[in-house]
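Everything numeric in this text was worked out from a predicted model, so none of it was measured. Note that the numbering runs from 1 along the sequence shown for the chain.
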Amino acid sequence: MKFSHIHHVAIICSDYPQSKDFYTRILGFEIIHETYRADRQSYKLDLRIDNNSQIELFSFPDAPKRPSYPEAQGLRHLAFSVDNIEKAIDHLNSFSIETEPIRTDEITGKRFTFFSDPDGLPLELYEI
């Protein structure tokens, strides 16, 4: 078996309108399709990151909170590649989204930083 790329990452949010705004208006991901599933009282929003990758944004009533930040078992964080980390940080800061200080990956020498989505999900900017 050979994988070609990651197709999507699924995220469950606590406040659908707020998270939809964050991922579309602030991060700039394109809406592919939005569905309300009445039987689950849940939205499913498919967002395009690039030609190969997507985010599925879900809302579920009474979903449990993330256990801890960021070292809970399971997915630690979601990282996005950017060409210019300073421009990306300036963009986030213009929306009052705080970012951690820029660090350098000791193995690759690449620069990166972290920020959070509206539910505190750790997200990373990784300069390519």
Side-chain angles (χ1 to χ4, degrees):
M1 173 180 358
K2 182 180 176 189
F3 299 110
S4 62
H5 60 273
I6 293 174
H7 181 267
H8 71 268
V9 173
I11 298 172
I12 299 171
C13 64
S14 64
D15 183 326
Y16 180 74
Q18 180 183 34
S19 290
K20 178 182 176 182
D21 179 67
F22 176 82
Y23 284 97
T24 58
R25 185 176 63 86
I26 296 173
L27 298 189
F29 298 141
E30 174 190 348
I31 295 174
I32 299 167
H33 190 73
E34 182 176 34
T35 305
Y36 180 71
R37 301 174 304 175
D39 59 323
R40 293 180 167 186
Q41 301 174 12
S42 169
Y43 280 95
K44 179 180 183 283
L45 182 65
D46 297 313
L47 300 167
R48 183 180 329 280
I49 298 172
D50 60 22
N51 289 334
N52 295 315
S53 305
Q54 299 175 18
I55 289 178
E56 290 180 341
L57 183 64
F58 291 94
S59 67
F60 293 112
D62 304 318
K65 292 188 178 289
R66 181 178 171 85
S68 70
Y69 177 88
E71 275 75 24
Q73 290 181 353
L75 183 66
R76 182 173 185 197
H77 62 265
L78 177 58
F80 300 105
S81 297
V82 295
D83 293 329
N84 184 309
I85 199 163
E86 284 92 358
K87 281 186 176 181
I89 289 170
D90 288 345
H91 175 78
L92 292 172
N93 294 164
S94 74
F95 290 97
S96 299
I97 296 170
E98 295 182 22
T99 57
E100 294 182 3
I102 295 173
R103 295 186 254 170
T104 302
D105 186 315
E106 61 188 42
I107 297 169
T108 66
K110 301 288 187 175
R111 299 184 312 155
F112 66 97
T113 189
F114 286 93
F115 64 105
S116 297
D117 85 345
D119 287 304
L121 176 68
L123 302 175
E124 179 182 354
L125 298 175
Y126 195 87
E127 190 173 57
I128 55 173

What's the separation between atom [atom1] in [X] and atom [atom2] in [Y], rounded to the nearest 0.5 Å?
X	Y	atom1	atom2	result
His8	Asp46	NE2	CG	8.5 Å
Ser14	Leu121	OG	CG	11.5 Å
Phe112	Glu100	CZ	CD	8.5 Å
Thr35	Tyr43	OG1	OH	10.5 Å
Ile128	Asn84	CD1	CG	11.0 Å
Gln41	Tyr36	CD	OH	5.5 Å

side-chain contact (heavy atoms from CB on, under 4.5 Å) evaluation trace for Ile97 with Phe22 = CA-CA 10 Å; Ile97 296 170; Phe22 176 82; 3.4 Å; yes

Joint hydrophobic cluster, Ile26 plus Val9, side-chain heavy atoms closer than 4.5 Å = yes

Do Ile11 and Ile32 share a hydrophobic cluster, counting only Ile, Leu, Val, Met, Phe, Trp and Tyr and linking them when any side-chain heavy atoms are less than 4.5 Å apart?
-> no

Determine, for Glu86 against Arg111, whether the closest basic-nitrogen to carboxylate-oxygen distance falls under 4.0 angstrom.
-> yes

Would you call the rings of His91 and Phe95 parallel, tilted or perpendicular, where under 30° means parallel and over 60° means perpendicular?
-> perpendicular

Which word best sums up how the rings of Phe29 and Phe80 line up, parallel for under 30°, tilted for 30 to 60°, or perpendicular for over 60°?
-> tilted

Heavy-atom count around Asn51 CG within 6.0 Å, excluding the residue itself: above 12?
-> no

Does a sphere of radius 6.0 Å around CZ in Arg37 hold more than 12 heavy atoms from other residues, nucleotides or ligands, not counting ones at 6.0 Å or beyond?
-> yes

Is any side-chain heavy atom of [X] closer than 4.5 Å to a side-chain heavy atom of [Y]?
X	Y	result
Leu78	Ile55	yes
Leu45	Tyr23	no
Ile31	Lys20	yes

Which atom pair, heavy atoms only, marks the closest approach of [X] to [Y]?
X	Y	result
Leu125	Ala88	CD1-CB, 3.7 Å
Asp119	Ile12	OD2-O, 4.3 Å
Phe115	Glu98	CB-O, 3.4 Å
Ile6	Ser53	O-OG, 3.4 Å
Ser59	Tyr16	CB-CB, 3.9 Å

Examine distances only and state if a side-chain atom of His77 and a backbone atom of Glu124 form a donor-acceptor pair shorter than 3.5 Å.
-> no

Asp117 side chain to Gly120 main-chain N or O, any donor-acceptor pair under 3.5 Å?
-> yes

